[in-house]
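Report on one structure; see the data block that follows.
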Amino acid sequence: MKKTNVKELLASTNYDQEIKLMGWVRTKRTSKNVAFVALNDGSTINNIQLVFDATEFPEKELAKVTTGAAISVNGILKESVGAGQSSEITVKTLEVLGEADPDEYPLQPKRHSLEFLREIAHLRFRTNTFGAIFRIRHHMIFAIHNFFNDKGFFNIHTPIITASDAEGAGEMFRVSTLDPENPPRNEEGKIDYKKDFFGRETSLTVSGQLEAELGALALSNVYTFGPTFRAENSNTSRHLAEFWMIEPEMAFYDIHDNMDLAEEMLKYLIKYALDNCYDDLLFLEQRLENEEKNMPVEKRTDMKLIEKLHFVLDNDFVRISYTEAIDILRNSKPNKKKKFQYPVNDWGVDLQSEHERYLVEKHFQKPVILTDYPSEIKAFYMKQNEDGKTVRAMDVLFPQIGEIIGGSQREENLEKLRNRMKEMEIPEKEMFWYIDSRRFGSVPHSGYGLGFERLMLFITGMGNIRDVIPFPRTPQNAEF
RNA sequence: UCCUCCUUAGCUCAGUUGGUUAGAGCAUCUGACUGUUAAUCAGAGGGCCGCUGGUUCAAGUCCAGCAGGAGGAGCCA
């Protein structure tokens, strides 16, 4: 018989039909003559109830049906006589595929802390919470490709191993096949990377943007969606050493087109989650509520998860310049009362987390796009404004998460780009290919980077980025 | 990397101003129960109180160091 799955069965009213089903036991409740098993196979957050007539199954066999065990059953789909579910399965035959020794199996039908589950990341897929998160994660990956495909964008794979250390986006992981115990040395006594696999120093990519620009300057609209590696010693709930980033890059787009696209994309993704992951979102919302029950009222989030998603969907993002933001912050209550750890006085300072949070969570209470930052605090490739002081950067700031997107219109003018590279001491020779893109058929173009796991934080309402990626890589941790 | 906090049973936690045999709930095991919903009821087993050292008649409790974890900051997506 062909096997079915829990999701299909729960949606079915095709009663009294024989079915075959496999999955993992979540809980078992027994009494003298009847046993109930909640079975889950990952197809949905919901379990289906299996009903065993205890007199028809050997006690020994039923005893192996414990939390975490994998079983296969044949049975009849019935309209349920009990409360709490519309249908259930009267089991006719049982096969225990894989036992789970209850003395050893760490997951119980009870609440576990996220920290504990992180330590058993190989098993946490089997919990309701992580089942929901990773189903949503899949849908978001799919939705991103859908969004760009529908708009005529082309996905390109940019290199994961790169020789350019000029991307300027942080510390990099070295890639080498040299013997670390005894590396070859040159005449100066330094490590001779000419003898390394690629004949030069190479690292894992910190961004696919520069290569994506090359694609955009021929295919017009492209995007990358790949792994990204940063060797920063960041120990926060918002940073990973290995994460996934979406980087669209568009020819003939100015900063405003860029912002429009970013806002449209984020809203599309939120709507996609609401339309396709409602059960899982509802579960996560209830989980959050239970979590916050023990917290003081002022610390609780003021909006429920689904409400919050709708709120972002239904409101325009605020768009203001860095200069306007500085004015707001300078005249803000916390600044005047010296409540900021870093007071805002002069134009030109970089905004701290507390400032971004004030703007998003207190002042505007909705997502904010900040533009036109001082050129000193931004990357070399951003388009310089006429004022000579600012660049056409844009950062999309979300509540709780902070910067979810960072992007800009790119500098397409050859001379301006070269001057900026000189100022920032970026070696022109190594970057000849990037400069060539401005020498031949250069056009105005723009792009941005979306941190996929930060999007996941927002969609799922989770608090720690380590809980929205299956196997997080962070400083001092590469387990599993 | 910096600051703050945490580490007690398989899990989640309590443990008073340092004071005899260290507690609870859940899980596990045994038994009861004719449909349960994280079932319920009765009973049982289960602890180098993170590690090392110190103070003290006496340390889960105080002090120092180390390890692991969390929150915040910086770096950024």
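Because the structure is predicted, anything quoted here is derived from the model rather than measured. Naming: A, B, ... by sequence-line order, numbering from 1 per chain.
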Who is the Watson-Crick or G-U wobble partner of B/rA77, with both distances under 3.5 Å? none
C1' gap between B/rG54 and B/rU61, integer Å: 15 Å
Reckon A/E242 touches a base, only the sugar-phosphate, or nothing at all at heavy-atom distances under 4.0 Å? nothing
Once you round it to whole Å, what is the distance between P of B/rA77 and CG of A/L457? 15 Å
Rounded to whole Å, how long is the line connecting atom CG of A/L50 with atom P of B/rA39? 14 Å
Which whole number of Å gives the distance between the P atom of B/rA38 and that of B/rU28? 15 Å
A/R174 CZ: over 12 foreign heavy atoms closer than 6.0 Å: no
From CD1 of A/I465 across to C1' of B/rC76 the rounded distance in Å is 10 Å
Check whether the side chain of A/Q108 and the base of B/rU28 form a donor-acceptor pair under 3.5 Å. no
Please determine, for B/rU17, whether a Watson-Crick or G-U wobble partner exists with both distances under 3.5 Å, and give it or none. none
Check this for me, if you would: do A/R392 and A/D372 make a salt bridge, where the nitrogen-to-carboxylate-oxygen distance has to be below 4.0 angstrom? no
Under 4.0 Å, counting only non-hydrogen atoms across every strand here, what does A/S80 touch: a base, just sugar-phosphate, or nothing? base
Would you indicate what A/L107 reaches in the nucleic acid, counting non-hydrogen atoms under 4.0 angstrom: base, sugar-phosphate, or nothing? nothing
Counting heavy atoms from C-beta on, name the nucleotide in B/rC29, B/rC11, B/rA77 closest to the side chain of A/P102. B/rC29
Return no unless some side-chain N or O of A/Q352 is found under 4.0 Å from OP1 or OP2 of B/rG74. yes
N or O in side chain of A/T236 less than 4.0 angstrom from B/rA73 OP1/OP2: no
For A/Y342, answer base if it contacts any base atom (sugar-phosphate contacts may also be present), sugar-phosphate if it contacts only those atoms, and nothing otherwise; contact means non-hydrogen atoms under 4.0 Å. sugar-phosphate
Answer for the Watson-Crick or wobble partner of B/rG71, both distances under 3.5 Å, is B/rC3
Ring centres of A/H122 and A/F471 under 6.0 Å apart? no
Distance check, P atoms only: B/rG71 and B/rU12, in whole angstrom units. 15 Å
Would you tabulate the side-chain donor-acceptor contacts of residues 473-480 of chain A under 3.5 Å, counting partners in other chains and residues two or more places apart, or write 'none'?
from: A/R473; atom 1: NH1; to: A/E479; atom 2: O; distance (Å): 2.9
from: A/R473; atom 1: NH2; to: A/F480; atom 2: O; distance (Å): 2.6
from: A/N477; atom 1: OD1; to: A/E479; atom 2: N; distance (Å): 3.3

Would you mind classifying the nucleic acid contact of A/R26 as base, sugar-phosphate or nothing, using non-hydrogen atoms under 4.0 angstrom? nothing
If I pick the C1' atom on B/rG68 and the same atom on B/rA24, what distance separates them, to the nearest angstrom? 26 Å
Regarding A/F36, tell me which of base, sugar-phosphate or nothing describes its non-hydrogen contacts under 4.0 Å with the strands shown. base
Spacing of A/D101 atom CG relative to B/rG10 atom P, expressed in whole Å: 15 Å
Under 4.0 Å, heavy atoms only, any strand: does A/N233 hit a base, just the sugar-phosphate, or nothing? base
Given B/rA70, B/rU36, B/rU1, the nucleotide with the shortest approach to the side chain of A/N235: B/rU1
Heavy atoms of A/N335 and A/P343 approach each other most closely as OD1-CA, 3.5 Å
Among B/rC11, B/rG74, B/rA77, the one nearest any side-chain atom of A/S353 is B/rG74
Mate of B/rA9 across any strand shown (Watson-Crick or G-U wobble, both atom pairs under 3.5 Å) is none
Between A/Y268 and A/F148, is the gap from one ring center to the other below 6.0 Å? no
Quick one: side chains of residues 67-76 of chain A, donor-acceptor pairs under 3.5 Å with protein atoms, not counting sequence neighbours, listed by atom name and distance.
from: A/T67; atom 1: OG1; to: A/R26; atom 2: O; distance (Å): 3.1
from: A/N74; atom 1: OD1; to: A/K20; atom 2: NZ; distance (Å): 3.4

Closest to the A/R118 side chain: B/rU37, B/rG69, B/rU34? B/rG69
Residue whose closest nucleotide on RNA chain B lies nearer the 5' end, A/R466 versus A/E403: A/R466
Rounded to whole angstroms, how far apart are CD on A/E115 and C1' on B/rG10? 17 Å
Under a 3.5 Å limit for both distances, which nucleotide forms a Watson-Crick or G-U wobble pair with B/rU28, could you say? B/rA44
If we take the C1' atom in both B/rA14 and B/rC6, what is their distance in whole Å? 15 Å
Check every atom of B/rG35, B/rG74, B/rU34 against the side chain of A/H239 and return the nucleotide holding the closest atom. B/rG74
Parallel, tilted or perpendicular: ring planes of A/F225 versus A/W244, cut at 30 and 60 degrees: perpendicular
To the side chain of A/R111, which of B/rA38, B/rC26, B/rA39 is closest? B/rA38
Gap in Å between the two P atoms, one belonging to B/rU7 and one to B/rG50, rounded: 8 Å
Are OP1 or OP2 of B/rG68 and a side-chain N or O of A/N477 less than 4.0 angstrom apart? no
At less than 3.5 Å, do the side-chain atoms of A/K110 and the base atoms of B/rC11 form a donor-acceptor pair? yes
Contact class for A/T30 vs. all strands (heavy atom < 4.0 Å): base, sugar-phosphate, or nothing? base
So, is the end of the A/K92 side chain (NZ or CZ) under 6.0 Å from the ring centre of A/F52 and within 45° of the ring's axis? no
May I have the distance from A/M265 (atom CE) to B/rA77 (atom C1'), rounded to whole angstrom? 11 Å
In terms of side-chain heavy atoms of A/R29, which of B/rC11, B/rA77, B/rA39 is nearest? B/rA39
What is the nucleic acid contact for A/S31, judged by heavy atoms within less than 4.0 Å: base, sugar-phosphate only, or nothing? base
Planes under 30° and centres closer than 5.5 Å, is that true for A/F243 with the base of B/rA77? yes
From C-beta outward on A/F116, which listed nucleotide comes closest to its side chain: B/rA39, B/rA70, B/rC11? B/rC11
If pairing requires Watson-Crick or G-U wobble contacts with both distances under 3.5 Å, which nucleotide is the partner of B/rG35? none
In the structure shown, which nucleotide is the Watson-Crick or G-U wobble counterpart of B/rU52, with both distances under 3.5 Å? B/rA64
Quick one: label A/S234 by what it contacts on the DNA or RNA (base, sugar-phosphate, nothing), any heavy atom closer than 4.0 Å. base
For RNA chain B, whose closest nucleotide is more 5', that of A/L240 or that of A/Q476? A/Q476
Find the distance A/E119:CD to B/rG10:C1' and express it as a whole number of Å. 13 Å
Here the distance between atom C1' of B/rG74 and atom CD of A/E232, to the nearest Å, is 10 Å
In whole Å, measure the gap between the P atoms of B/rG47 and B/rA22 for me. 12 Å
Would one find more than 12 heavy atoms of other residues, nucleotides or ligands at under 6.0 Å from atom OH of A/Y278? no
Candidates B/rC75, B/rA77, B/rU28 - which lies nearest the side chain of A/R238: B/rC75
If we take the P atom in both B/rG25 and B/rU21, what is their distance in whole Å? 23 Å
With distance as the sole criterion, do the side chain of A/E88 and the base of B/rG35 form a donor-acceptor contact below 3.5 Å? yes
